[in-house]
Asker: 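Please find one structure pasted underneath; my questions will follow.
By convention in this document, chain letters (A, B, ...) are assigned in the order of the sequence lines, proteins followed by strands, and residues within each chain are numbered from 1.
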Protein chains: 2
Amino acid sequence: MDDVDCMLLTELQQDATQAYAALGKAVGLSAGAAHERVRKLREQGVIRRTTVDVDPAAVGRGVAAYVLVEANAWMGDEPVCAALEALPEVVEAHVIAGPASLLVKVRTATTEELQAALRRLFAIDGVTGTQTIVVLESFFERPVNAGA
Amino acid sequence: MDDVDCMLLTELQQDATQAYAALGKAVGLSAGAAHERVRKLREQGVIRRTTVDVDPAAVGRGVAAYVLVEANAWMGDEPVCAALEALPEVVEAHVIAGPASLLVKVRTATTEELQAALRRLFAIDGVTGTQTIVVLESFFERPVNAGA
DNA sequence: CGTGAAATCGTCATGAA
DNA sequence: TTCATGACGATTTCACG
């Protein structure tokens, strides 16, 4: 993980469809060398996968909210994780240190669906309360920058 | 945006490196037809870009935190957005309806760096307070699913 | 890490349903 | 319109220097 690898990651985050020749030129390497670097980054798990960034609003996920989930038991466990993952509206779930046990991110098409999702969160064993933070506007959501 | 497009999006989110032939087979289409569909999804902005998913811990961003930012003025404005975007540790910024004006996601290498980032958030004009939620463990962070 | 060759894939034209 | 087929050009990929 040197500076060249960082530049490769930045380039790939911006556009993973570009050819290795262009990628190599951007970081001062040949196509073959760039390819080999990227292959190793994948192997090491630094690059987890290549994916597409989908506009949430275009697929019926235009409403976003963060939900602080309070629970009466320790929830850093496997069954809770599975219960959350079973809800398609839940796109993130974190165990936190703070005013609640968990923080989950929910994405739905409408506020009615958001309400339905909250009901389903309540139904999970051990959940005693929720506090919902509705997102009005997202300034930006960007990938982690390796540099700086 | 029919069912086939949804399946294409799901496939591409899982692995955007696969060949159009494989992609087409997965959704019951020829390579050429799959290619044309994906081209249109890009054109329409449903697919914003193709990127790589980078392991945060591998690039010195292993510590995550959500910060509720309170302000004494309306902050849904351009200068605030720019000030936040100038901080490389800030990976997300949202205007919210809830107990604060903004919710920002911060990623750093260590808790010391997190502290430094909080100091810089305080320094932004109009910010009167912050409440920090440290992430202890992330169950999952997954892309929006077009289906369901 | 660069170069070159071989295999594979993306891309586009044509034609059909 | 939308899709399958086939051919061409570009790219990935690997062996060698």
Asker: Are the side chain of B:Arg142 and the backbone N or O of A:Val90 linked by a donor-acceptor pair below 3.5 Å?
Answerer: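 Looks like yes, one N/O pair under 3.5 Å.
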Asker: Consider the side chain of B:Ala19, meaning its heavy atoms from C-beta on, and name the nucleotide among D:dA4, C:dC1, C:dG10 that approaches it most closely.
Answerer: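 Closest of the options to the side chain of B:Ala19: C:dG10.
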Asker: Is the distance from OP1 or OP2 of D:dT13 to the nearest side-chain N or O of A:His35 less than 4.0 Å?
Answerer: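 Yes, because at least one side-chain N or O of A:His35 sits under 4.0 Å from OP1 or OP2 of D:dT13.
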Asker: Counting side-chain heavy atoms from CB outward, which of D:dA4, C:dG2, D:dT2 is closest to B:Lys40?
Answerer: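 My answer, after comparing the listed nucleotides, is D:dT2.
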Asker: How close or far is atom P of C:dG10 from atom CD of A:Gln18, stated in whole angstroms?
Answerer: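 In whole Å, C:dG10 P and A:Gln18 CD are 16 Å from each other.
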Asker: Just how far, in rounded Å, is C1' of C:dT11 from CD of B:Glu36?
Answerer: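 B:Glu36 atom CD is separated from C:dT11 atom C1' by 11 Å.
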Asker: For B:Arg39, report the nucleic acid contact type (base, sugar-phosphate, nothing); a contact means any heavy atom under 4.0 Å.
Answerer: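 Since no nucleic acid heavy atom lies under 4.0 Å of B:Arg39, the category is nothing.
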Asker: To check you understand the geometry: which heavy-atom pair defines the closest contact between A:Glu70 and A:Ala100, and what is its length?
Answerer: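 It is CG-CB, 3.9 Å.
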Asker: In whole angstrom, give the distance that lies between atom CG of B:Leu29 and atom P of D:dT5.
Answerer: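 Nearest whole value for this atom pair: 11 Å.
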Asker: Could you tell me how far apart B:Leu8 (CG) and D:dC3 (P) are, to the nearest whole angstrom?
Answerer: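 To the nearest whole Å, that distance equals 10 Å.
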Asker: Distance check needed: C:dG10 C1' versus B:Lys25 NZ, whole Å only.
Answerer: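 Those two atoms, NZ and C1', are 18 Å apart.
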Asker: If every non-hydrogen atom of B:Glu113 is compared with every non-hydrogen atom of B:Ala109, which pair is closest and at what distance?
Answerer: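 In this case the closest contact between B:Glu113 and B:Ala109 is OE1-N, 3.5 Å.
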Asker: Nearest whole angstrom, please: distance from the C1' of D:dC3 to the CG of B:Asp2.
Answerer: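 Those two atoms, CG and C1', are 13 Å apart.
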Asker: Separation of B:Tyr20 atom OH from D:dT5 atom C1', in whole Å?
Answerer: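 Distance, rounded to whole Å: 18 Å.
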Asker: Once you round it to whole Å, what is the distance between P of D:dC3 and CG of B:Leu23?
Answerer: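 Rounded to the whole Å, the gap is 13 Å.
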Asker: Provide the distance between the two C1' atoms, one in C:dA16 and one in D:dC8, to the nearest whole Å.
Answerer: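 Pairwise C1' distance, C:dA16 against D:dC8, rounds to 22 Å.
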Asker: Please answer whether the main-chain N or O of A:Asn145 pairs with a side-chain N or O of B:Arg61 as donor and acceptor at a distance below 3.5 Å.
Answerer: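 A pair under 3.5 Å: yes.
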Asker: Between D:dT13, D:dT2, C:dT11, which nucleotide has the shortest distance from any of its atoms to the side chain of B:Arg37?
Answerer: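 In terms of side-chain proximity for B:Arg37, the closest of D:dT13, D:dT2, C:dT11 is D:dT2.
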Asker: For the backbone of A:Ile96 and the side chain of B:Glu137, can you confirm whether one donor and one acceptor N or O come within less than 3.5 Å of each other?
Answerer: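 Checked: no pair found.
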